Amino acid sequence: MQPLLSLQDISYAYHNLKGETPALSHISMDIFPGEFLAIVGPSGCGKSTLLSVIAGLLAPESGSIYCRGELLPPQTPCRSVKIGYMLQRDHLFEWRSIYRNVILGLELNHTLTRENTAYVLQLLKDYDLYAFKDKKPSELSGGMRQRAALIRTMAVRPDLFLLDEPFSALDFQTRLNVSADIANIIRSTDKTAVLITHDLSEAITLADRVLVLSKRPAGIKCEMPIRFPVGRLDPLEIRNTSEYQRYFNHLWEVLTGDESIT
Ligand code: ADP
Ligand code: MG
């Protein structure tokens, strides 16, 4: 299968007056259409940097990026893969209603057509936020706000969702439910997603494949496909399976030790 996006031997360093901070070191990875890929790594290792390179927000210092098989010229964002970005904080504007928040991307793109408006209203209905569309963000729970942030991202119909620790500000209970909800929504639309997390459990319960990054500068330590013989269960059920334990122990060893597995 042709990858949606392919990174080959990507390196990146931040430069400032104090010197150089290498953040990414020789990273090669593919993102396949329709997959849910999780990337885990220690805090400060370069995860957000990697996502910014994938998004085309940062140009790598060396290496190549292929977009649906075509080499991207340096400093050029990929035009054939539309990207939706979701961050740790939901970044909803308090002075706008939920509805006016979720149409923000469409407004900015000048694509607030009748068809797109209908699509957004349908998303609000599908994800149980329609009754709250005229409320302010502060009137919603943390989980509802994250769903609103997801709908705002979905409104512009991205091919690839980039999720940078979107659940880490939620309390544990909410986090389990919201992360499962959001993963199901993304799966049901056949979209491709890259989820950054420092939580191994989250990666194993949500993703089809997990990449483990080394400490900074981030390199890929291990890549592991995640399969459960009974198919996708909800995150709590998954945590009770023996496969989950196996994946967890294995990835934990890779994450914390120097063991390198391919
Ligand atoms: P992660 O998301 O894994 O926590 P980041 O990708 O945000 O890590 O950052 C990787 C490293 O690069 C960190 O050591 C961080 O301090 C450094 N860094 C991030 N952004 C900048 C920047 N704009 N200028 C200089 N250093 C940066
Ligand atoms: Mg980060």
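Start at 1 and go down the list; that is how both ligands and their atoms are numbered. Since this is a predicted model, take the numbers as computed values, not measurements. Computation of the quantities below employed the complete heavy-atom set of this structure, encompassing side-chain atoms and omitting hydrogens, waters and symmetry-equivalent molecules.
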| message | Between Asp128 and Arg147 (salt bridge meaning N to carboxylate O under 4.0 Å), is one present in this structure? | response |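 No, no charged N to carboxylate O under 4.0 Å.
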| said: Using a 4.0 Å cutoff against the non-hydrogen atoms of Ser48, which atoms of ligand 1 qualify? | reply: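 Selected atoms, number and element: 1 (P), 2 (O), 6 (O), 7 (O).
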| query | Against heavy atoms of Thr49, which atoms of ligand 1 measure under 4.0 Å? | reply |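 So the atoms of ligand 1 that pass are 5 (P), 6 (O), 9 (O), 10 (C).
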| query | Is there a side-chain hydrogen bond (donor to acceptor under 3.5 Å, both in side chains) between Asp126 and Gln122 once you walk through the steps? | reply | CA-CA 6 Å; Asp126 290 348; Gln122 190 58 49; 2.9 Å; yes
| said: In this structure, does ligand 1 have an atom that sits under 4.0 Å from one of the heavy atoms of Cys45? | reply: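 For ligand 1, residue contact (heavy atoms, under 4.0 Å) with Cys45 is present.
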Closest protein heavy atom to [atom], given as residue, atom name and distance to 0.1 Å:
atom	value
atom 25 (C) of ligand 1	Tyr14 CB, 3.4 Å
atom 3 (O) of ligand 1	Lys47 N, 2.8 Å
atom 8 (O) of ligand 1	Gly46 N, 3.3 Å

| What are the two closest non-hydrogen atoms of Leu255 and Leu213, and how far apart are they? |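 Residues Leu255 and Leu213, closest heavy atoms: CD1-O, 4.3 Å.
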Between [X] and [Y], do the side chains contain an N or O donor and an N or O acceptor separated by less than 3.5 Å?
X	Y	value
Glu61	Ser11	no
Ser62	Tyr12	no
Ser6	Gln8	yes

| Less than 4.0 Å between atom 27 (C) of ligand 1 and some protein heavy atom, yes or no? |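 Protein heavy atom within 4.0 Å of atom 27 (C) of ligand 1: present.
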| Got a sec: is Thr49 within less than 2.8 Å of the Mg ion (ligand 2) via an N/O/S atom? |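 Coordinating: no.
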| task | Please determine if Thr21 has a nitrogen or oxygen closer than 3.5 Å to a nitrogen or oxygen of ligand 1. | result | no
| request: Determine, considering heavy atoms only, which of Gly44, Ser52, Pro22, Gly19 sits nearest to atom 10 (C) of ligand 1. | output: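 The nearest heavy atom belongs to Gly44.
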| query | If you draw a 6.0 Å radius around OH in Tyr244, do more than 12 non-hydrogen atoms from other residues or ligands fall strictly inside? | reply | yes
